[in-house]
K.L.:
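Below is the structure I would like to discuss, written out as structure tokens.
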Amino acid sequence: MANIFAKKPLAQLLGEANSSGEGSLKRTLGAGNLVALGVGAIIGAGLFVRTAAAAAQASGPGVTLAFIVAAIGCAFAGLCYAEFAAMIPIAGSAYTYAYTTMGEFVAWVIGWALIMEYALGAATVAIAWSEYLNKLLEVFGTEIPFSLSHSPREGGILNLPALLIVVALSLLLIKGTQESATFNAIIVVVKVAIVLIFIAVGWQFVDPANHTPYLIPENAEPVKNAAGEVIRKYTDWNKHGWGGILGGAAIVFFAFIGFDAVSTAAQEAKNPKRDMPIGILGSLAVCTVLYILFGHVLTGVANWREFADPSKGGEASVAYAIREHMPGFEWLSTAVTVAILAGFSSVILVMLMGQSRVFFSMANDGLMPKAFSDLHPRFRTPYKSNLVLLVFVGAFAAFVPGSLAGDLTSFGTLLAFVLVSVGVWLMRRTDPQQPRPFRSPLSSASFPLVPFLGAAVCLGMIAALDGNTLKLALGWMLLGFVIYFIYGKQNSKLQRGIVVVPTEMEEQAFIDQEKPV
């Protein structure tokens, strides 16, 4: 009987990472490109949409503390990602790391969960992109009809703008990684500049009364709409007080998924032993500071209860806050909307790239159809994988509400972080002599403080997710189990004994290259 927990040999992964043949991805990205990819993926829907959502649903002004809790979990996980990415610089991210530390079935589970992180993440941001496009068009006295900019569940026909942006960026990814990275870098400069302007200008409009009390009280009055109907209650443990901080952290955690997307591009980094830790930890550090400042200003300019009412600020909340509470700076609302549209574009781009690289690795292992690993003869990008994602993500963006997709994305991200954190500890125990160009601190086999804290914080945020989200995530994972036993297990190269191990010379060359500098 096949062993579903069989591990992929580390020597084979090292050989694949050192390959430069026709079946391998081009190494074109430097440290700056990787930091920009991380910032490009991090600053987007999480900052401009989920900040207000977390404040209104669970944390109130304490959303800044929710960002800190989420960042702490990310910091622990980021250190673990950086160690793996420098040691095994190959496409696939957490899926690849799990395959060599915890076995094929766990790798499949994490690969399936990553679909929620990257594919649904791209769909969520595409939906937000559509919302902001309509806000920008309103400035010019027009808008996209409701029926063509909302899903059927919201009373529309399809979200056409969300579909079109997914199509456009998928085609750009097929054209090439370097072209996509250049496009992303330009956008990152623009949107970070606008975020800094909002923080600087908005600071003078902060009303201290909006930050009192700083946490939602247990007996907080429910939020009602204009018709007097209750639209938000704060009775559950994760909707007020310190429980609300954890609940808010689970909501805004979506905002941090970009840094681990950097690890999916490890096989395209020029000098992975140096560039990957810089890209992962550098982008996380920059964005955490911006998030805390942004959350403080946004909840100081407008009261958090306003964001609970969709008619006042639930949709396009930043533009609402500027328009209603920052007189004389209406132009900034338009500028922010333009920057957000550009920023969302870079987030979608990085998420689509990350998912296609995970599919690329899974297909190379036989767990996905071979088409997902086919590279374009000219551009050397996994173009068939990008085309499949174009259809899948495009359909999800067109026909599913954004709130549902966002919470499922958080679950997929958190599960990946838990398994990567545990994986670092397991690798320290099973392969302690393997060269590690970057070593996560306090992560020894006998004292794995960072990995265990990373796993614990992320498990806590999973528990704080909405019950319906957890049920849907469980259903998704069960579907993944069925597909694995029907298709993946039967076609796995490892299960069929198809293992390509590099020659001794190739392996030594890679090990020499990866020694710490």
K.L.:
Donor-acceptor pair, distance only, cut-off 3.5 Å: does the side chain of His150 make one with the backbone of Phe146?
P.N.:
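Present.
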
K.L.:
Once you round to the nearest 0.5 Å, how far does CD1 of Ile165 lie from CG of Asn159?
P.N.:
12.0 Å

K.L.:
Can you find a heavy atom in the side chain of Met87 that is under 4.5 Å from one in the side chain of Phe438?
P.N.:
no

K.L.:
For the residue pair Tyr99 and Leu367, establish whether any side-chain heavy-atom pair is separated by less than 4.5 Å.
P.N.:
yes

K.L.:
Once ring-ring contact (aromatic ring centres under 6.0 Å, His included) is applied, do any residues pair with Phe417, and if so which ones, sequence neighbours excluded?
P.N.:
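Partners of Phe417 under the ring-ring contact (aromatic ring centres under 6.0 Å, His included) test: Tyr81, Phe253, Phe259.
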
K.L.:
For Tyr234, what residues pass the ring-ring contact (aromatic ring centres under 6.0 Å, His included) criterion, not counting sequence neighbours?
P.N.:
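Only Trp304 meet the ring-ring contact (aromatic ring centres under 6.0 Å, His included) criterion with Tyr234.
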
K.L.:
Where do Gln355 and Ala119 come nearest, in terms of heavy atoms and distance?
P.N.:
OE1-N, 3.5 Å

K.L.:
State which residues pass side-chain hydrogen bond (donor to acceptor under 3.5 Å, both in side chains) with Trp425; sequence neighbours excluded, sorted by chain then number.
P.N.:
none

K.L.:
Walk me through whether Ile110 and Tyr97 qualify under side-chain contact (heavy atoms from CB on, under 4.5 Å).
P.N.:
CA-CA 10 Å; Ile110 203 168; Tyr97 312 148; over 6 Å; no

K.L.:
Any salt bridge (Lys or Arg N to Asp or Glu O under 4.0 Å) pairs touching residues 414-431, not counting sequence neighbours?
P.N.:
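Pairs touching residues 414-431 that pass the test: Glu83-Arg428.
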
K.L.:
State the CZ-CZ distance between Arg305 and Arg232, to the nearest 0.5 angstrom.
P.N.:
11.5 Å

K.L.:
Side-chain contact test, heavy atoms from C-beta onward, threshold under 4.5 Å: evaluate it for Val206 versus His211 and give yes or no.
P.N.:
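Yes. Closest side-chain heavy atoms under 4.5 Å.
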
K.L.:
Answer with yes or no after comparing the ring centroid distance for Phe359 and Tyr95 against a 6.0 Å cut-off, counting only values under it.
P.N.:
no

K.L.:
Any pair with a residue in residues 456-465 that passes side-chain hydrogen bond (donor to acceptor under 3.5 Å, both in side chains), sequence neighbours left out, goes on the list, sorted by first then second residue, please.
P.N.:
none

K.L.:
With ring pair (Phe, Tyr, Trp, His ring centres under 6.0 Å) as the test, would you mind laying out the steps for Phe105 and Phe481 before giving the verdict?
P.N.:
CA-CA 9 Å; Phe105 182 69; Phe481 297 163; 5.5 Å; yes

K.L.:
Test Thr101 against Lys7 for side chain to side chain donor-acceptor pair (under 3.5 Å), laying out the working first.
P.N.:
CA-CA 7 Å; Thr101 58; Lys7 299 176 184 177; over 6 Å; no

K.L.:
Only counting residues at least two apart or in another chain, list the ones meeting side-chain hydrogen bond (donor to acceptor under 3.5 Å, both in side chains) with Thr288.
P.N.:
none

K.L.:
Side-chain donor-acceptor pairs under 3.5 Å in residues 192-204, sequence neighbours left out?
P.N.:
from: Gln204; atom 1: NE2; to: Val201; atom 2: O; distance (Å): 3.3

K.L.:
Checking His296 now: which residues fulfil side-chain hydrogen bond (donor to acceptor under 3.5 Å, both in side chains) with it, not counting sequence neighbours?
P.N.:
none

K.L.:
Would you mind reporting whether Ile245 and Leu215 have side-chain heavy atoms less than 4.5 Å apart?
P.N.:
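The answer is yes; the side chains approach within 4.5 Å.
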
K.L.:
So how far is it from Glu218 CD to Thr235 OG1, rounded to the nearest 0.5 Å?
P.N.:
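It is 9.5 Å, given to the nearest 0.5 Å.
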
K.L.:
Going from OG on Ser59 to NZ on Lys239, what distance comes out if it is rounded to the nearest 0.5 angstrom?
P.N.:
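Atom-to-atom, Ser59:OG and Lys239:NZ are 9.5 Å apart.
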
K.L.:
Can you tell me how far CG of Asn238 sits from CG of Leu246, rounded to the nearest 0.5 angstrom?
P.N.:
8.0 Å

K.L.:
Hey, could you give me the CZ/SG distance between Phe294 and Cys287, rounded to the nearest 0.5 Å?
P.N.:
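Here the interatomic distance stands at 12.5 Å.
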
K.L.:
Determine, step by step, whether Leu136 and Leu341 satisfy the side-chain contact (heavy atoms from CB on, under 4.5 Å) criterion, reporting the C-alpha distance in whole Å, the side-chain angles of both residues, the deciding distance to 0.1 Å, and the verdict.
P.N.:
CA-CA 9 Å; Leu136 180 62; Leu341 281 170; 3.6 Å; yes

K.L.:
For residues 440-466, which side-chain donor-acceptor pairs fall under 3.5 Å, sequence neighbours excluded?
P.N.:
from: Ser440; atom 1: OG; to: Ser443; atom 2: OG; distance (Å): 2.8
from: Ser443; atom 1: OG; to: Ser440; atom 2: O; distance (Å): 3.3
from: Ser443; atom 1: OG; to: Pro441; atom 2: O; distance (Å): 2.9
from: Ser444; atom 1: OG; to: Phe447; atom 2: N; distance (Å): 2.9
from: Asp466; atom 1: OD2; to: Asn468; atom 2: N; distance (Å): 3.0
from: Asp466; atom 1: OD2; to: Thr469; atom 2: N; distance (Å): 3.4

K.L.:
Does Thr64 have any side-chain hydrogen bond (donor to acceptor under 3.5 Å, both in side chains) partners at least two apart in sequence or in another chain, and if so, which?
P.N.:
Tyr214

K.L.:
side-chain hydrogen bond (donor to acceptor under 3.5 Å, both in side chains): which pairs involve residues 65-75, sequence neighbours left out?
P.N.:
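Checked against side-chain hydrogen bond (donor to acceptor under 3.5 Å, both in side chains) - neighbours excluded - no pair reaches residues 65-75.
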
K.L.:
Does Phe399 have any ring-ring contact (aromatic ring centres under 6.0 Å, His included) partners at least two apart in sequence or in another chain, and if so, which?
P.N.:
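With sequence neighbours excluded, Phe399 shows a ring-ring contact (aromatic ring centres under 6.0 Å, His included) to no residue whatsoever.
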
